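Since we're looking at a predicted model, the values are computed, not measured.
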Amino acid sequence: MKLSYLLRGAVFSIGSIVAVSLFMSYSNSPAPKGYTGSPADGRTCGTNGGCHGGGATQMPGMIITDIPAEGYTPGQTYNVSVMVRDSGRMVFGFSLTAQNNAGDGLGTLIPGAGTELSNDNIYISHKTGTTRSGNSKTWPFQWKAPAAGTGTVSFYATGNAGNDNRMASGDNVYMDALTVEEKSGGGTTGIQVNANHEDAFSIFPNPAQDFMRVHSKNAGLLTVYNLNGELMLEQQLNHDLETVDVSTLERGLYVVNFDNGVDALLQQTLIKY
């Protein structure tokens, strides 16, 4: 299955929306609803009256999916993860909802390890006791795509990296977004492409077996994480096109980050087979 590059940022589409919210890292789950940054919610926990305040910072790569480049197939189930990263922080939180512009629930959210649904089944968040992890935390779950004819789906994400003072103050709020399309018979690309992202950093082949080639316009540090947020590989890249050995990685889905000190953190999703 081919994965495309993801459109990152606060994109407000006129189609369907999949949104992610955060909550106080010390609160009981599920997370409070209505702070996702989606058009229906209009706020995050760090903006527009959110309990944490302090605003929300863009974090490219918070949302990870295996939706293929040609788009989602109605009724099919896909893997989704939310990964919040903040060096030195030890407590994290998230919440996600799939909704349209009116705030109606869309598709089916399926809890994974450490996650649970809200009482209306529209939101999914972490369970109490799954928030602690050094520097980053990842929660895997699934999303069953909506019925045919739904069209565009935008994923909006915010996440919380808490300072563990058991108060709303001092926590860092992050947000991310990507947009996918419903698979069509014409074969058009499903996941929107950020052209600047592709020019700055790309990997191929994908899926990869033993090696992947990395194109980058600047030198920088490449890191590969599994979906548990564990660092699996690290390599300094100094040239426009370099080869990275991934033969030691087990089969599965990985997050490839590239920090060139110029752009915001660049990210791709790698399938290892």
Side-chain angles (χ1 to χ4, degrees), residues 3 6 8-9 20-27 29 31 36-37 44-46 52 54-66 79-96 111-116 124-142 155-165 170-178 197 201 203 220-236 244 246 249-250 252-261 263-272:
L3 289 174
L6 304 182
R8 299 294 177 185
V20 180
S21 168
L22 67 95
F23 87 119
M24 291 184 188
S25 57
Y26 59 84
S27 299
S29 58
T36 68
T44 71
C45 285
H52 294 275
T57 302
Q58 292 291 333
M59 178 179 282
M62 188 187 306
I63 307 169
I64 306 164
T65 81
D66 61 0
N79 295 309
V80 181
S81 292
V82 174
M83 181 173 68
V84 185
R85 311 178 304 276
D86 197 332
S87 180
R89 296 294 173 122
M90 302 296 293
V91 185
F92 301 89
F94 92 98
S95 172
L96 178 144
T115 61
E116 64 177 317
I124 189 170
S125 66
H126 64 275
K127 288 183 177 179
T128 300
T130 67
T131 61
R132 291 190 174 274
S133 179
N135 302 318
S136 70
K137 178 66 180 180
T138 302
W139 290 271
F141 49 95
Q142 293 181 310
F155 290 74
Y156 293 84
T158 63
N160 185 34
N163 60 5
D164 203 20
N165 66 355
D171 294 344
N172 294 331
V173 178
Y174 298 99
M175 61 189 303
D176 186 25
L178 67 89
H197 182 103
F201 169 59
I203 60 176
L221 180 66
L222 180 137
T223 51
V224 178
Y225 291 85
N226 63 19
L227 293 188
N228 292 321
E230 299 169 324
L231 179 64
M232 306 302 295
L233 189 154
E234 183 177 77
Q235 183 171 326
Q236 183 69 37
V244 176
V246 296
L249 299 178
E250 295 182 355
L253 197 66
Y254 293 87
V255 180
V256 183
N257 294 330
F258 185 65
D259 185 358
N260 61 17
D263 302 288
L265 182 68
L266 302 169
Q267 185 174 84
Q268 301 290 337
T269 305
L270 170 71
I271 298 177
K272 171 63 167 59

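Atom CD of Glu250 is separated from atom CG of Asn226 by 9.0 Å, given to the nearest 0.5 angstrom. Within the model, atoms OH of Tyr254 and CG of Leu233 stand 10.0 Å from one another, a figure rounded to the nearest 0.5 Å. The line from CG of Asp171 to CG of Asn160 is 4.5 Å long, rounded to the nearest 0.5 Å. Distance CH2/Trp139 to OG1/Thr131: 7.0 Å, rounded to 0.5 Å. Taking CZ of Phe141 as the reference point, atom OG of Ser81 lies at 7.0 Å (rounded to 0.5 Å). Rounded to the nearest 0.5 Å, atoms CG (Leu270) and CD1 (Ile203) are 5.0 Å apart.
Scanning for side-chain hydrogen bond (donor to acceptor under 3.5 Å, both in side chains) contacts around Glu234 gives an empty result, with sequence neighbours left out. Partners of Gln236 by side chain to side chain contact (heavy atoms under 4.5 Å, CB included), not counting sequence neighbours, listed by chain and number: Leu221, Asn238. With sequence neighbours excluded, the residues forming a side chain to side chain contact (heavy atoms under 4.5 Å, CB included) with Asn79 are Asp66, Gln142, listed by chain and number.
Contact annotation: the side chain of Leu249 approaches that of Val224 to within less than 4.5 Å [non-hydrogen atoms, C-beta and beyond].
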Solution key, residues 82-94 side-chain donor-acceptor pairs under 3.5 Å, sequence neighbours excluded:
from: Arg85; atom 1: NH2; to: Pro60; atom 2: O; distance (Å): 3.2
from: Asp86; atom 1: OD2; to: Asn172; atom 2: ND2; distance (Å): 2.8
from: Asp86; atom 1: OD2; to: Tyr174; atom 2: OH; distance (Å): 2.7
from: Arg89; atom 1: NH1; to: Ala161; atom 2: O; distance (Å): 3.1
from: Arg89; atom 1: NH1; to: Gly170; atom 2: O; distance (Å): 3.1
from: Arg89; atom 1: NH2; to: Gly170; atom 2: O; distance (Å): 3.2

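Here the options are Val256, Asn257, Asn260, Asp259, the test is side chain to side chain contact (heavy atoms under 4.5 Å, CB included), and the partner is Phe201; only Val256 passes.
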